There are 2 protein chains.
Amino acid sequence: MSIKKVAKLAGVSTATVSRYLNSPEQVKEKTRNKVRAAIEETGYAPNTLARNFRRGKTSLIVVVLPSIGDPFLESVMRGVWKVADELGYSILIRDTQSNSHDFDEYTDLVFSKQADGILLLASISPFGEAEARRGPSGQAHPPLVLGLESVSAELSQFPSVRVDNVAAAADGTEYLIQLGHKRIGFITGKPDSLLTHDREKGYRDAMHKAKLNVAPEWVVEGEQTIEGARRATRQLLELEQRPTAIFCANDEMALGALYEVKQAGLRVPQDISVIGFDDIRYAEIADPPLTTIAQPAEEIGERSMRRLCEAIEGKENNTAAETVPHRLVVRKSSANAPK
Amino acid sequence: MSIKKVAKLAGVSTATVSRYLNSPEQVKEKTRNKVRAAIEETGYAPNTLARNFRRGKTSLIVVVLPSIGDPFLESVMRGVWKVADELGYSILIRDTQSNSHDFDEYTDLVFSKQADGILLLASISPFGEAEARRGPSGQAHPPLVLGLESVSAELSQFPSVRVDNVAAAADGTEYLIQLGHKRIGFITGKPDSLLTHDREKGYRDAMHKAKLNVAPEWVVEGEQTIEGARRATRQLLELEQRPTAIFCANDEMALGALYEVKQAGLRVPQDISVIGFDDIRYAEIADPPLTTIAQPAEEIGERSMRRLCEAIEGKENNTAAETVPHRLVVRKSSANAPK
DNA sequence: TTGTACGCGTTATCAC
DNA sequence: GTGATAACGCGTACAA
């Protein structure tokens, strides 16, 4: 009823008002002025609900991430938002921590037109039932891009943007080995996190390549939280032959590890080296400043979002996995192995 | 076109399918079964776009916050999401850091039916033009609740949920005064943050009450970032008569301050006490663990969100300001004043 | 209890 | 360049 009101007031048809809003260059200047005046007078704002309905598009994108308030994701999201603003999308965030949704619930968001696409920045259970939905839905799968996380076989058909976590973790491990460390502990994430699996694999690969043994008790679960990492660290420190270095699958856990090592009266890095992964902003001001592996977070966000938008707009269906470079950042929490 | 398909397949009318979805009790069991079968067979998912359009409701809520990846906001958002899930809303996040929108852009989201309401967890520029829009829009203002932040006069008409920042900061300051500190520095936030203004006021009030002078150079801007706080701290340390204690308007800045004090070769808390505000999860594992003022973050999120939903659903227009309790958490970063 | 038919506000497809 | 009008898919008043 509203575009009609404006149209009547301006003495034009609704079609013209619509054109004025969406492709003003198709409207003669004189008409444009009439319409503009009418819009200003009424304070008219187009009803987005109706517009989306008509266009069959929500301009909403769901970003699925493990937990908001993750300092690393902040940088990624900055990149995501940049592209979203540029291309006119809004971002709907779902975290997998507070809510335990399964994958279908996310794909449903697209099939039921609540969102146009999904940017998956978290590990979640694989395709499951959604696979069955390929038929009815008409399209094979919803527009979906994976950022950060490694891909399970089920999801390997989708485009992705991430660092090579295996290689990066291997680099970090090799760095410790070069410092003379032989007993290196690894604090991994949750069991279902493919990402931390990959990092663990990189660690194991590097150890193996250097012909160093990995005792089973050296690899401990840290649940990707400070608390979990603190527990894990205490376990490592109680070992008869405790590690001289601890590699944490992310910085959040490394900060917890740092605390517990110092709490136990040991010095970092003289007694134990600690390194992390992600280079969050707290790494630099940790005590001692944390050696870690940096990812180009904002770039990952930007590129994955861009590819998602392309997929939505049907411009590309390039399903290639895109790898961005990582970088070892050496700070004070790592040093030569003791003795 | 889709509800029709289901209806045809089930041999009923579209109205019946619609009823099946929205008020199943109005449908006879036998019919229900037919419809259910048809829905399962087709994999039908109702078009949310059409539904929202028809209902005139988006079930979307915009949460405006200073910056995602703020560890404190994570807890607040947990509370927000809890209520959102319960009541069937989705959350659309806008941060004021990466994007600089003004207030009108947020109210427009509601007026143009992109969202049902606004939860404001950040200080932003006051009403401005939106005030003018009261007429045409029909309603006085969009559903809006303030969480965390203090309110400017323009926004005082809206419901709010927060701690008493003035009183809390006064408590923290008094605590330092009791420890014998007389020269207490304050690192404040951005000039336009009402929140940190209030905390600064609490600090000044407490100093004044204790008949202690506040030298102008003791109050420094820290921009609400680690970097800013580090700069501010260096300034304070260079003072001829440097403070024996530093009160930071939030923990993020306190972590930066902690780093710089140690960097300068001073000991915390023996030479300088440092306290923060918010009790983020990194406060406990800081070195030394940070004394701070805790807010019931999740509760703030939950209550403010609940009030917003009530406002949207027209259940209440209680515009009272709700105050939740704060709590001083004493850890190792604060001690008696030196000498 | 179920079916028919209309309208929500916008955009797109035609003619003119 | 502009206007008339038919969709878009769903909910609901009303009739049966």
Side-chain angles (χ1 to χ4, degrees), chain A residues 1-39 42-59 88 108-116 136-138, chain B residues 1-39 42-59 88 108-116 136-138:
Chain A
M1 201 61 153
S2 212
I3 201 178
K4 279 192 203 161
K5 240 172 35 189
V6 176
K8 187 183 288 179
L9 192 73
V12 300
S13 74
T14 61
T16 301
V17 179
S18 177
R19 273 189 289 260
Y20 168 82
L21 293 165
N22 300 301
S23 42
E25 70 281 2
Q26 288 181 30
V27 182
K28 205 164 57 174
E29 182 167 352
K30 211 172 128 190
T31 321
R32 260 193 302 223
N33 292 334
K34 285 194 293 186
V35 177
R36 185 183 311 122
I39 286 180
T42 53
Y44 165 72
N47 181 327
T48 318
L49 242 31
R51 165 176 292 175
N52 290 343
F53 169 52
R54 179 59 235 239
R55 291 189 176 154
K57 206 187 157 198
T58 63
S59 290
D108 273 349
L109 290 174
V110 176
F111 291 136
S112 68
K113 305 274 187 204
Q114 277 181 76
D116 292 341
S137 84
Chain B
M1 200 63 153
S2 215
I3 202 177
K4 277 193 203 159
K5 243 175 25 192
V6 176
K8 188 183 288 181
L9 191 74
V12 300
S13 76
T14 60
T16 303
V17 179
S18 176
R19 274 188 289 258
Y20 167 82
L21 293 165
N22 300 303
S23 43
E25 69 282 0
Q26 289 181 32
V27 182
K28 204 162 59 174
E29 183 166 353
K30 212 172 125 190
T31 320
R32 258 190 303 210
N33 293 333
K34 287 193 292 184
V35 177
R36 185 182 311 122
I39 287 180
T42 53
Y44 167 72
N47 182 326
T48 319
L49 240 32
R51 168 176 288 179
N52 289 343
F53 170 52
R54 184 61 237 256
R55 292 185 177 157
K57 206 188 159 198
T58 63
S59 291
D108 273 349
L109 290 174
V110 176
F111 291 134
S112 68
K113 305 272 188 206
Q114 279 182 75
D116 293 340
S137 84

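In what follows, chains carry the letters A, B, and so on, assigned in the order in which the sequence lines appear, proteins first and then strands, with residues in each chain numbered from 1. For clarity, every value in this text was computed on a predicted model and none was experimentally measured.
Across the protein-nucleic acid pair, A:Q26 atom CD and D:dG1 atom P stand 9 Å apart, rounded to whole Å. The distance from atom NZ of B:K8 to atom C1' of C:dG3 is 16 Å, rounded to the nearest whole Å. Between A:E29 atom CD and D:dT2 atom P there is a gap of 11 Å when expressed in whole angstrom units. If you measure from atom CZ of A:R32 to atom C1' of D:dG1, you get 12 Å, rounded to the nearest angstrom. At whole-Å resolution of the value, CG in A:L49 and P in D:dG11 are 13 Å apart. Rounded to whole Å, atom P of D:dT12 lies 10 Å from atom CZ of B:R51.
Using a 3.5 Å distance cut-off with no hydrogens or angles, the side chains of A:N52 and A:T58 do not pair a donor with an acceptor. Looking at A:N33 and A:R36, their side chains do bring a donor and an acceptor atom within 3.5 Å of each other.
Taken to the nearest 0.5 Å, the CD atom of B:E29 stands 13.0 Å off from the NZ atom of B:K34. Note that CG of A:N47 and CZ of B:F53 are 6.5 Å apart. Values are rounded to the nearest 0.5 Å.
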Give me the distances for all protein-to-nucleotides 6-9 of chain D N/O pairs that come in under 3.5 Å?
{"residue": "D:dA7", "atom": "N3", "partner": "A:R54", "partner atom": "NH1", "Å": "2.8"}
{"residue": "D:dG9", "atom": "OP2", "partner": "B:M1", "partner atom": "N", "Å": "2.9"}
{"residue": "D:dG9", "atom": "O5'", "partner": "B:M1", "partner atom": "N", "Å": "2.9"}

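Contact annotation: the side chain of A:Y20 never approaches that of A:T31 to less than 4.5 Å [non-hydrogen atoms, C-beta and beyond].
Using modelled atom types, no side-chain atom of A:S18 and backbone atom of A:T14 make a donor-acceptor pair closer than 3.5 Å.
By the 6.0 Å contact criterion, NZ on A:K57 is enclosed, its count of non-hydrogen atoms from other residues, nucleotides or ligands being greater than 12.
For the side-chain contact (heavy atoms from CB on, under 4.5 Å) test, residues two or more places apart in sequence or in another chain that qualify with B:A15 are B:S13, B:R19.
The stretch residues 15-25 of chain B touches DNA chain D through B:A15, B:S18, B:N22, each having a heavy atom within less than 4.0 Å of the strand.
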